[in-house]
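The next block holds one structure in the form of structure tokens; read it before the comments.
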Amino acid sequence: MRDQLARVDAVLVQALIAAALSFAHLHDIASAAGQDGWKAWAYPISVDLLLVAAWRRLRTGDAKASGWCWFVIALTASLGANVATAGLLDLGDVPAWLRILVAGWPAVAFLGGTLLAHTATPAEINEIEDADVQEDAPEPPPETPAQPAIEAPPNRPFVPVPAALIEHARKVAAEHHTRTGAPIDTPTLRVRLGVPAPMAEAIAAHLTPTGS
């Protein structure tokens, strides 16, 4: 247990030393490029935050291309500052292109951090799409009790006829008999009900069980 804690402590100490040196180098570059005061201290913070955001995106396993892109950009900024302050650059006479890069870095860091932190991963997109599909799915129509069909009398082809239609046909037949004094025939019944001929015959059979 103590050996493990010692290894962890050593790693943390090494990480803190590297972070402090890189932080100081970035501060010196920003200060030499004309970003003095609190602005010079804000630059290394923005670089480190972009590195952390890119690393978190890489660890999620989604959108690794975007994570690697911004990780390389932030790492280049950090390594560039380390190399530039190692005596390869005269901090008293910073070239114009470096001043332009330092001045444009906040916009780059803001864009990268926003994309890394607020871009939905493929798994989140699938969850949103599944939720939308479930919300947009139409509800099944309410079940209505089916009316029992009345079978045709013997010796006639089976044509299912709803009971409600039989009752309506009886009213039509009674009205026809009252108006004409004669039973309604099958062709007239078919026209009045608007049904096919086989069904009209089946209905007529129920109105006149004898088949007349």
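Interatomic distance, CG of Leu111 versus CH2 of Trp70, reported as 4.0 Å (0.5 Å rounding). Distance check, rounded to the nearest 0.5 Å: CG of Leu58 to CZ of Arg56 gives 11.5 Å. Ile29 contributes atom CD1, which lies 8.0 Å from atom CG of Leu26 (distance to the nearest 0.5 angstrom). In this structure, CZ on Arg179 lies 8.0 Å from CD1 on Ile184, to the nearest 0.5 angstrom. A distance of 11.0 Å separates CG in Asp93 from CG in Leu98, rounded to the nearest 0.5 Å.
Applying the salt bridge (charged side-chain N to carboxylate O under 4.0 Å, His left out) definition to pairs two or more places apart or across chains, those involving residues 186-195 are Glu175-Arg192.
Residues Leu50 and Val108 form no side-chain contact, since every pair of their non-hydrogen atoms from C-beta on lies 4.5 Å or further apart. Residues Met199 and Leu165 meet the side-chain proximity criterion, which asks for heavy atoms closer than 4.5 Å.
Linking Ile, Leu, Val, Met, Phe, Trp and Tyr whenever their side-chain heavy atoms come within less than 4.5 Å leaves Ile166 and Val191 in two separate clusters. Placement of Trp68 and Leu75 within a single hydrophobic cluster is found when ILVMFWY residues are connected by side-chain heavy-atom separations under 4.5 Å, directly or transitively. Hydrophobic clustering (side-chain heavy atoms under 4.5 Å, transitive across Ile, Leu, Val, Met, Phe, Trp, Tyr) groups Phe71 together with Leu79.
Every residue two or more places apart in sequence or in another chain was checked for a side chain to side chain donor-acceptor pair (under 3.5 Å) with Asp48, and none qualifies.
Ser31 places no side-chain N or O within 3.5 Å of a backbone atom of His27 that could act as its donor or acceptor partner.
The minimum heavy-atom distance linking Arg57 with Leu116 is given by the pair NH2-O, 2.6 Å.
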Check residues 40-47 and write down every donor-acceptor pair under 3.5 Å in which the side-chain atom is one partner and the other belongs to a residue at least two apart or another chain.
{"residue": "Tyr43", "atom": "OH", "partner": "Val102", "partner atom": "O", "Å": "2.8"}
{"residue": "Ser46", "atom": "OG", "partner": "Tyr43", "partner atom": "O", "Å": "2.7"}
{"residue": "Ser46", "atom": "OG", "partner": "Trp105", "partner atom": "NE1", "Å": "2.8"}

